[in-house]
Amino acid sequence: MPFEPGEVVAPSDPRIVLEGQWGHQPGVAITVNSGSRLTFSFAGERVQLLFDITGLTVAPHLWITLNDGEPALHVIEESVVDLSLPTGRHTVEVVVKDVNEHANRWNPPFESAVVFAGLVLDVNSRLRLRGRPGGPRLEFYGDSITQGVRAIGPEIESEGVDGAVSYAYLTARAFGATSYQVGFGSQGIVKPGNGEVPSGLESFGWNFAGSPAERIEAPDVVIVNLGVNDETLTAEHYGEYVGRVRSAYPSTTVVALTPFNGKHADVIASAVKSLDDENVVLIDSTGWITEDDCTDNIHPSVAGHRKIADQLIPALEAATSLRLPSI
């Protein structure tokens with residue numbers, strides 16, 4: 001049947017729940033981070049998701065889940081995704097599987113990004129108000145591992161990447177948390193990342209160039225997993241990064257999670273000790289995974305990410321106020 005357009009809904013509408021690092025510009029919400037999500041509910045049978053793909057040279061990959069079904073992969077090469085369902089009440093969840101790390105995703109105009117332009121419901125459908133997430137608030141800052149690069153396989157492009165299997169995504173879901181999952185391939189504390197992304201020191205506090213990361217409220221816990229891409233790293237540099245987190249969030253617990261291969265673990269431990277801040281805690285992840293848990297000896301596989309999450313979750317419970325929800 002032809003689509004008969006009804007209500008047009010802007011990305012800023014409170015009936016759409018955005019989770020993750022989203023920047024807002026007139027008429028659009030933009031994320032450049034794998035693992036970001038949006039959810040909404042509607043009554044009816046048909047809705048269109050709108051995207052601005054102007055100038056993009058590498059299409060982002062999304063998982064779209066309808067109700068309790070299996071996620072379906074959508075490569076956003078067109079500006080409209082049309083969803084049709086039987087008449088009734090429905091929930092739609094969109095998870096960013098990947099925004100390509102090799103294309104410019106930092107300096108507008110982007111070569112790769114998710115530029116969400118809202119919804120159009122058919123004339124017989126109505127958007128419903130959803131409750132806001134009620135769990136703790138977590139922020140993860142990391143590199144390609146946090147992004148989910150090569151988790152599915154050794155492919156270096158988006159086909160091999162999935163932010164929804166990353167240890168960060170799994171950990172946040174376990175705690176029932178609202179999560180900001182920020183992972184940039186090749187980035188370090190002082191080393192710039194791929195895709196024109198600056199260093200961790202320069203990118204913290206920004207969604208992308210020109211877009212400050214504004215929070216409704218401070219996170220309960222920030223987990224930092226940076227350093228493996230830095231050829232050299234000093235305790236002063238690491239301390240400066242944590243200091244920027246502390247300036248943004250004066251009372252938040254900051255977790256310094258060492259690289260999983262142990263690189264710079266001693267430097268990071270020294271930095272945490274020198275800060276003398278009881279709300280900055282060290283979790284040493286050295287040895288949590290081995291090369292056998294990786295697809296290329298470096299990047300964890302799907303099972304490797306699960307193995308990390310299974311150790312990080314109790315470690316966070318021991319070191320912070322986070323608790324798994326009771327069943």
Side-chain angles (χ1 to χ4, degrees), residues 1 3-53 59-99 113-138 162-164 169 172-173 175-181 207 211 213-217 325:
M1 293 179 59
F3 183 80
E4 295 184 58
E7 183 181 14
V8 179
V9 183
S12 57
D13 191 290
R15 293 172 293 176
I16 301 173
V17 178
L18 299 174
E19 179 182 337
Q21 193 101 315
W22 292 86
H24 294 270
Q25 294 180 357
V28 295
I30 303 168
T31 186
V32 299
N33 290 117
S34 305
S36 296
R37 306 199 306 168
L38 70 90
T39 53
F40 61 90
S41 298
F42 74 100
E45 60 183 22
R46 200 164 177 189
V47 63
Q48 293 182 336
L49 284 75
L50 307 180
F51 298 93
D52 186 348
I53 60 171
H61 289 209
L62 307 180
W63 291 118
I64 299 181
T65 304
L66 308 179
N67 301 320
D68 295 321
E70 289 296 317
L73 177 63
H74 290 257
V75 179
I76 307 303
E77 297 175 324
E78 304 291 339
S79 59
V80 177
V81 174
D82 195 318
L83 303 178
S84 297
L85 290 155
T87 300
R89 295 184 176 183
H90 305 290
T91 298
V92 179
E93 177 188 70
V94 180
V95 179
V96 180
K97 174 181 176 287
D98 189 54
V99 173
V114 176
V115 185
F116 175 55
L119 308 173
V120 179
L121 291 96
D122 82 339
V123 69
N124 295 315
S125 296
R126 298 289 181 270
L127 199 63
R128 297 169 55 83
L129 185 65
R130 287 178 59 85
R132 306 299 296 183
R137 302 174 70 85
L138 303 182
D162 191 351
Y169 192 91
R173 299 282 77 78
F175 284 110
T178 297
S179 176
Y180 296 78
Q181 182 176 328
N207 302 311
S211 176
E214 298 175 350
R215 301 285 186 259
I216 297 172
E217 57 185 292

[X] versus [Y]: any side-chain heavy-atom pair under 4.5 Å?
X	Y	value
V94	W63	no
L62	V96	yes
V32	N207	no
E77	I53	no
V92	T65	no
E45	D122	yes
Y169	D162	no

In Å, rounded to the nearest 0.5 Å, how long is the span from [atom1] of [X] to [atom2] of [Y]?
X	Y	atom1	atom2	value
Y180	R137	OH	CZ	4.0 Å
T39	R130	OG1	CZ	4.0 Å
I30	L18	CD1	CG	12.0 Å
I64	L83	CD1	CG	5.5 Å
H90	F40	NE2	CZ	11.0 Å
R37	S179	CZ	OG	8.5 Å

Inset, instruction - Check whether more than 12 heavy atoms from other residues, nucleotides or ligands sit under 6.0 Å from atom CZ of R128, and answer yes or no. - result: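 It does not: R128 CZ has 12 such atoms or fewer within range.
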Which pair of non-hydrogen atoms, one from [X] and one from [Y], has the smallest distance, and what is that distance?
X	Y	answer
P60	V114	CB-CG2, 3.7 Å
G6	V120	N-CG1, 4.4 Å
L127	S41	CD1-O, 3.3 Å
G176	P136	O-CD, 4.0 Å
A172	L138	CA-CD1, 4.1 Å
F116	P11	O-CG, 3.3 Å

Legend entry - Distance-only polar pair, side chains of T31 and Q21, donor-acceptor under 3.5 Å: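 No, Q21 and T31 have no side-chain donor paired with an acceptor closer than 3.5 Å.
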Legend entry - No-hydrogen, no-angle side-chain donor-acceptor test under 3.5 Å, N33 and S36: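 The answer is no; no qualifying pair exists.
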Inset, instruction - Given side-chain contact (heavy atoms from CB on, under 4.5 Å), test F42 with V9 step by step and report yes or no. - result: CA-CA 12 Å; F42 74 100; V9 183; over 6 Å; no
Inset, instruction - Identify the residue among D82, L119, I76, V80 that makes a side chain to side chain contact (heavy atoms under 4.5 Å, CB included) with L49. - result: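 Answer to the side chain to side chain contact (heavy atoms under 4.5 Å, CB included) test with L49 among D82, L119, I76, V80: L119.
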Inset, instruction - Taking only Lys NZ, Arg NE, NH1 and NH2, and the carboxylate oxygens of Asp or Glu, determine whether R126 and E7 approach each other closer than 4.0 Å. - result: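 No, this pair does not count.
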Inset, instruction - For the pair R173 and E19, find out whether any cationic side-chain nitrogen is under 4.0 Å from an anionic carboxylate oxygen. - result: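 The answer is yes: the pair qualifies as a salt bridge.
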